Amino acid sequence: METSRIPGFYNMTVDERIEMLKKLHDFSDEDIDNIHKKAPLTTDTADKMIENVIGTFELPLGLGLNFLINGKDYVVPMVIEEASVVASASHIARIVRKSGGFTTEAAERLMIGQVQVVGCSDFPAAKEAILQNKEVLLEAANNAYPSIVARGGGAEDLDVRILNEDSNSAYSQMLVIHVYINTCDAMGANIINTMVESLAPIIEEMTRGKVYLRILSNYADKCIAKASCVIPPELLQTGEYSGEEVRDGVIHAYEFAASDLYRAVTHNKGIMNGIDPVVIATGNDWRAVEAGAHAYASRNGTYSSMTVWSKDEYGNLVGELELPISVGIVGGATRVHPLAKFAMNILQVKSAKELAQVIVAVGLAQNLGALKALATDGIQKGHMALHSRSVAVAAGATGEMIDIIARELIKEKQIRVGKAKELVEQYTK
Ligand code: NDP
């Protein structure tokens, strides 16, 4: 996408937005038909994806705009049922692009496969046997999935830990082997599971123990993506709040989340408000990303804020987010769900690493959107105004009535279904 800055997109009709997207991108009529005329995910395809299918369940697909990341523009597809998330991400991305955009990186891309060995008569000797035969094991893992090796990936390293060696219970004594696997552009669950399952008989022979679990870890702490932004205070000025006040409010809000579990959970939920929609839109496994992200937020022993906000020597607001993001641009549903393919096409990422970086940038933007609102007017003002149309629909409004009633709800400062029902009754009399 040449630019992600599309002025007035919010006020366009859906058809006008589609026309705009067509102009910016080389989409075929069939692509476009797929997103809003035909049922994009047919029951037939769904029936191939999971079991006991009886239909499909749709969610809104919106576009996060204004994202400038490492100097490249991204229009970000976001699938979410909650009002105000897409608007807030786009609002913050617009502020951040004025100060040079987000900076991101993703250093390594190694996923972890775990093998559990129990019942060894001598755990230290078993550990030593694994380490002595490291190369044999790595070769065996790679032989179980040669195509990923041909792509430049595969099992690269392993290590071993003994858990609960001094325990009185034989159930809790175990050897845990970690195999570090480069899964290239796939999330890699199936690749990893195939590899570690293939190692079980060899490991049993080497350790004289019994292998039980053989599966990837969703704590992908060798698959970290980082995003940061630096914002001069003048870009943060909001209503009667000065930029410095907003900056300080954001830092106070961060310190609250960094020190209090009750706040940290809500703070991080707000970050996942940005992350999950992109993970879902691109057909990736959001439970895997959620589980890894929340665990990473506890890496120092206490569950805490996923982001860090501070002030630099020039008075700028500095934001940072680093998380394990195990996503792929191939595999899973990424190439099966027609809208995931379409979303990938809009996003124009060339690798899983690049996708992970976009995802953390959106998470950071979303966090600032929430903190900025909380530190100024409060979350309800903007959120409820954007939620008003859903409230009107929930009260039974249809067609042109929806916008009329939503406007009335905002004017009367009563964005409630009860009030909307009264208005629907008056309107339909
Ligand atoms: P797949 O097995 O669907 O796809 C990966 C395959 O894509 C590779 O094995 C490779 O096969 C092919 N491929 C094509 N191009 C590339 C490339 N550039 N880089 C890497 N691979 C490429 O998916 P994953 O292994 O990624 O597994 C993800 C799925 O597993 C998700 O749906 C997830 O929900 C699910 N899952 C998750 C679990 C968890 O998180 N705990 C557990 C179990 C499953 P080839 O080389 O043969 O062409």
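Both counts, for ligands and for their atoms, begin at 1 and track the order of listing. No experiment lies behind these values; they were computed from the predicted model shown.
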**Polar side chain donor-acceptor pair, His337 to Thr45, under 3.5 angstrom** = no

**Sub-4.0 Å heavy-atom contact, Asn193 with ligand 1** = yes

**Message:** Once you restrict to heavy atoms under 4.0 Å, what part of Asp285 touches ligand 1? Side chain, backbone, both or neither.
**Reply:** side chain

**Message:** If you take the nearest heavy atom of each of Ala333, Ser351, Gly332, which one is closest to atom 3 (O) of ligand 1?
**Reply:** Gly332

**Gly188 N/O under 3.5 Å from ligand 1 N/O** = yes

**Prompt:** Which of the atoms of ligand 1 are close to Tyr145, meaning less than 4.0 Å from one of its heavy atoms?
**Reply:** 8 (C), 9 (O)

**Asked** Is there a side chain to side chain donor-acceptor pair (under 3.5 Å) between Tyr254 and Asn367 once you walk through the steps?
**Response** CA-CA 10 Å; Tyr254 152 68; Asn367 185 224; over 6 Å; no

**Prompt:** Nearest heavy atom to atom 1 (P) of ligand 1: which of Asn190, Asn182, Asp185, Val149 does it belong to?
**Reply:** Asn190

**Prompt:** Is a donor on one side and an acceptor on the other found under 3.5 Å between the side chain of Arg389 and the backbone of Ile402?
**Reply:** no

**Asked** In terms of atom number and element, which parts of ligand 1 are under 4.0 angstrom from non-hydrogen atoms of Gly331?
**Response** 1 (P), 3 (O), 4 (O), 23 (O)

**Message:** Keeping Thr238 on the side-chain end and Leu236 on the backbone end, is there a donor-acceptor pair under 3.5 Å?
**Reply:** yes

**Message:** Looking only at side-chain N and O atoms, does Asn164 offer a donor or acceptor that is under 3.5 Å from a partner on Tyr171?
**Reply:** no

**Message:** Heavy-atom count check: over 12 atoms from other residues, nucleotides or ligands less than 6.0 Å from Glu139 CD?
**Reply:** no

**Prompt:** Are the side chain of Arg109 and the backbone N or O of Ala107 linked by a donor-acceptor pair below 3.5 Å?
**Reply:** no

**Under-4.0 Å heavy-atom contact with ligand 1, by part of Leu216 that carries it** = side chain

**Asked** Taking distance alone, with no angle check, do Ile148 and ligand 1 share an N/O pair under 3.5 Å?
**Response** no

**Fill in**
In ligand 1, the atoms that come under 4.0 Å of a heavy atom of Ile191 are 8 (C), 9 (O), 25 (O)

**Asked** Should Gly328 be listed as contacting ligand 1, given a heavy-atom distance under 4.0 Å as the test?
**Response** no

**Asked** Does Asn218 approach ligand 1 within less than 4.0 angstrom via side chain, backbone, both or neither, non-hydrogen atoms only?
**Response** side chain

**Asked** atom 5 (C) of ligand 1: which protein heavy atom is closest, and how many Å away?
**Response** Ala186 CB, 3.8 Å

**Message:** Counting non-hydrogen protein atoms only, what is the nearest one to atom 47 (O) of ligand 1? Give residue, atom name and distance.
**Reply:** Ser147 OG, 3.2 Å

**Between Asp15 and Thr13, a side-chain donor and acceptor under 3.5 Å** = no

**Item:** Closest approach of any protein heavy atom to atom 36 (N) of ligand 1, naming residue and atom
**Value:** Ala189 CB, 3.3 Å

**Ala288 N/O to ligand 1 N/O under 3.5 Å** = no

**Prompt:** What residue and heavy atom of the protein are closest to atom 7 (O) of ligand 1, and at what distance?
**Reply:** Val330 CG2, 4.2 Å

**Message:** Any heavy-atom pair between the side chains of Asn268 and Tyr303 that's under 4.5 Å?
**Reply:** yes

**Asked** So between Met49, Met111, Arg151, whose heavy atom ends up nearest atom 17 (C) of ligand 1?
**Response** Arg151

**Item:** Met187: numbered ligand 1 atoms lying under 4.0 Å from its heavy atoms
**Value:** 26 (O), 28 (C), 40 (O)

**Item:** Residue Lys23 excluded, over 12 heavy atoms near NZ under 6.0 Å
**Value:** no

**Message:** Can a side-chain donor-acceptor contact be found between Ser167 and Ser169 if the only test is distance below 3.5 angstrom?
**Reply:** no

**Request:** Verify whether one side chain among Asn273 and Lys269 offers a donor that lies under 3.5 Å from an acceptor in the other.
**Result:** yes

**Message:** Looking only at distances, can you tell me whether any N or O atom of Arg287, backbone or side chain, sits closer than 3.5 Å to an N or O atom of ligand 1?
**Reply:** no

